[in-house]
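Read the structure below first, then the notes.
Side chains are part of it too, since the values below use all heavy atoms of this structure and drop only hydrogens, waters and symmetry mates. What you are looking at is a predicted structure, and each value in this text was computed from that prediction instead of being measured.
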Number of protein chains: 4
Amino acid sequence: MASRGINKVILVGNLGNDPEIRYTANGGAIANLSIATSEQWKDRNSGEMREKTEWHRVVIFGKLAEIAGEYLRKGSQVYLEGKLQTRKWQDQQGQDKYTTEVIVDINGVMQMLGGGAGGRSGGDNYQQQSSQQNYGQQQNYGQQGQQNQGGFNQNQGGGQQSAPQQDSGFSDNFDDDIPF
Amino acid sequence: MASRGINKVILVGNLGNDPEIRYTANGGAIANLSIATSEQWKDRNSGEMREKTEWHRVVIFGKLAEIAGEYLRKGSQVYLEGKLQTRKWQDQQGQDKYTTEVIVDINGVMQMLGGGAGGRSGGDNYQQQSSQQNYGQQQNYGQQGQQNQGGFNQNQGGGQQSAPQQDSGFSDNFDDDIPF
Amino acid sequence: MASRGINKVILVGNLGNDPEIRYTANGGAIANLSIATSEQWKDRNSGEMREKTEWHRVVIFGKLAEIAGEYLRKGSQVYLEGKLQTRKWQDQQGQDKYTTEVIVDINGVMQMLGGGAGGRSGGDNYQQQSSQQNYGQQQNYGQQGQQNQGGFNQNQGGGQQSAPQQDSGFSDNFDDDIPF
Amino acid sequence: MASRGINKVILVGNLGNDPEIRYTANGGAIANLSIATSEQWKDRNSGEMREKTEWHRVVIFGKLAEIAGEYLRKGSQVYLEGKLQTRKWQDQQGQDKYTTEVIVDINGVMQMLGGGAGGRSGGDNYQQQSSQQNYGQQQNYGQQGQQNQGGFNQNQGGGQQSAPQQDSGFSDNFDDDIPF
DNA sequence: TTTT
DNA sequence: TTTT
């Protein structure tokens with residue numbers, strides 16, 4: 001997982017809608033969130049307060065996606081840490097379009113924050129651990145040996161299926177299942 | 001304000017106590033916060049969940065300190081962005097002691113988050129300096145106008161006194177007023 | 001400048017091209033950068049190393065834009081801190097297009113890093129506004145004149161005492177004082 | 001690895017000395033770094049430039065520690081991402097002492113940056129992956145005991161399939177594959 | 001103790 | 001289009 005560069009996004013905002021959850025052929029969860037952050041300032045001419053809201057498209061993978069689907073609702077406040085990714089696609093007219101999203105994958109962080117409309121108050125922070133490229137490796141986490149058994153798979157869900165499934169999902173069916 | 005290096009801390013946590021507010025001779029506010037962040041994990045041997053709480057000493061200056069004093073309470077959840085700073089001091093026995101704090105000054109960010117015990121739900125994000133007054137400008141950039149006159153002082157409080165006061169406080173009475 | 005939410009991007013990457021600099025009618029500088037970050041990983045099936053590069057559109061305002069134009073070149077490595085912003089525009093066919101950019105404005109941070117193709121090694125970190133030590137400078141913000149018209153130029157380089165003083169230091173003596 | 005709160009430190013700075021590397025009984029590497037970040041500003045009274053350097057104690061675990069030991073030198077510039085941790089200890093007089101460190105563990109990030117005195121220019125970013133299961137371990141680092149004795153070696157280099165495989169890739173072919 |  |  002060596003990389004040249006840092007590509008990090010940190011958002012604290014509220015969901016504009018309930019999360020949209022879908023699954024890859026391999027059972028990996030993917031959650032799409034629309035997150036609002038807003039800024040207010042006093043207009044220098046009118047002296048009135050103005051506000052601008054920025055909407056962020058967030059795509060969450062794996063266990064975090066499941067948690068998002070279960071606990072986040074329209075209005076929920078959430079902390080998210082991910083990376084920027086731009087994907088190209090064609091609309092119905094065959095026109096090239098580009099969409100930039102915040103990807104919260106196995107390296108990302110999600111923390112539910114209190115006070116959202118639909119959210120549970122308080123909230124836990126989940127970190128998927130390990131990195132996107134390591135999927136294959138995570139697969140075996142806790143499978144043998146003593147150490148850390150119960151490590152990843154427990155965090156990630158049931159019977160060490162979760163991460164692996166997801167991984168397969170990503171590598172095998174990525175093109176078909178995920179629209180970016 | 002050129003600098004070599006980046007020194008940034010980002011915390012999301014809860015106050016262990018009400019903020020302690022004090023003022024410099026020049027009226028600048030200083031807030032001391034004790035912030036808890038905690039981590040949970042499953043012990044690999046026992047399989048039990050374990051938890052560790054880390055306590056952070058946070059020192060906030062200026063307008064943000066005033067806001068902290070007014071709106072944050074024991075239990076409040078808050079987002080903070082500041083920098084690390086270690087100061088040396090002597091205890092009563094003349095022993096050297098070092099304390100590392102997270103400094104949230106004019107470059108820092110504070111955002112109250114919903115759901116804290118004492119906190120107001122929801123919460124606004126305050127950034128001490130500059131900034132958002134200029135957002136309108138960015139949109140208009142190049143359009144001019146007299147915009148943002150009164151910029152900083154408006155952000156910082158009344159009659160452009162705030163930041164200046166604070167500034168004086170820091171430069172003139174720093175040694176006397178602030179114990180680090 | 002209260003806001004609900006945090007919208008923060010941190011990038012460390014290399015410029016794909018020389019910065020493109022332009023100026024507003026009021027003399028405010030704007031720099032457009034194309035920044036690459038890349039990830040490498042070992043493919044779990046083939047065992048081969050794979051790499052994916054992400055390109056980021058970065059727009060820098062004000063004094064930082066001037067510094068970028070002067071010191072950054074194709075290949076330079078840079079640390080950037082800004083916010084996400086998506087703008088809508090129409091192409092020649094009148095089709096709606098959306099572009100997401102990383103905005104490095106008066107709240108942003110830029111630090112040149114050593115080792116880039118075109119960059120000088122070493123490098124200083126510039127933060128557009130103030131910092132704790134700059135209190136005195138901020139002091140005068142908005143106090144007189146048409147300051148800050150034209151977006152950033154006044155905050156950052158105009159005739160004021162405050163930030164400008166500091167800025168003058170940078171803009172006037174940059175070549176002499178700063179070794180990169 | 002659920003947690004309440006975010007505890008994140010981001011540093012870009014230079015090493016004041018060569019890294020100090022040690023190993024746990026289980027072969028896990030631990031690197032201690034002393035990292036400088038500095039700020040400059042123009043004194044508002046004297047008009048002179050002033051500078052303040054902050055020194056950060058950084059403790060790196062696991063594979064990243066090995067890489068630090070191999071590639072970082074006094075003067076090297078590095079990007080680090082970790083968490084704050086304060087530990088209590090007694091000096092020879094039995095006095096309680098507290099030391100706050102930046103912990104770069106399996107959730108941390110390290111990226112070597114170009115231009116350092118001892119560093120090779122360029123540099124790759126390493127992310128250890130995986131997570132908080134290791135927190136308990138960090139407490140024991142170097143002391144051994146049973147838990148995570150060896151710190152990360154199990155996660156990162158022991159007999160497991162998962163992460164270790166990946167790690168092997170890096171440790172075995174590092175010199176050949178990675179050009180820094 | 002670094003770096004500029 | 002960068003970098004390694």
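- Rounded to an integer number of Å, the gap from C:Lys74 NZ to F:dT4 P is 13 Å.
- In this structure, C:Trp55 counts as stacked on the base of F:dT1 under the 5.5 Å centre distance and 30° plane angle limits.
- The closest donor-acceptor contact from the side chain of C:Glu101 to the backbone of C:Thr86 lies at 3.5 Å or more, if one exists at all.
- Residue C:Thr37 is classed as having no contact, given no heavy-atom separation below 4.0 Å to the nucleic acid.
- Checking side-chain atoms of D:Gln85 against main-chain N and O of D:Thr100 turns up no donor-acceptor pair under 3.5 Å.
- Put simply, CD on D:Glu51 is 12 Å from P on E:dT2, counting in whole angstrom units.
- Put simply, the side chain of B:Asn7 never gets that close to the backbone of D:Thr37: no donor and acceptor are under 3.5 Å apart.
- The interatomic distance linking D:Leu72 (CG) with E:dT1 (P) rounds to 20 Å, in whole Å.
- The nearest whole Å value for the distance from the OH atom in A:Tyr98 to the C1' atom in F:dT1 is 13 Å.
- Ionic pairing of C:Asp18 and C:Lys74 is not present here: no N-O contact between side-chain nitrogen and carboxylate oxygen is shorter than 4.0 angstrom.
- Atom CG of C:Asn14 and atom C1' of F:dT3 are 4 Å apart (whole Å).
- Counting only heavy atoms from C-beta on, A:Arg4 has its side chain closest to F:dT3 among F:dT3, E:dT1, E:dT2.
- With hydrogens and angles ignored, a donor-acceptor pair under 3.5 angstrom links the side chain of C:Asn17 to the base of F:dT1.
- Between the NZ atom of D:Lys52 and the C1' atom of E:dT3 there is a distance of 17 Å, rounded to whole Å.
- The base of F:dT4 lies close enough to the side chain of C:Gln40 for a donor and an acceptor atom to sit less than 3.5 Å apart.
- If you measure from atom CG of C:Leu15 to atom P of F:dT4, you get 13 Å, rounded to the nearest angstrom.
- Atom-to-atom, CD of C:Glu20 to P of F:dT1 comes out at 14 Å; the value is rounded to the nearest Å.
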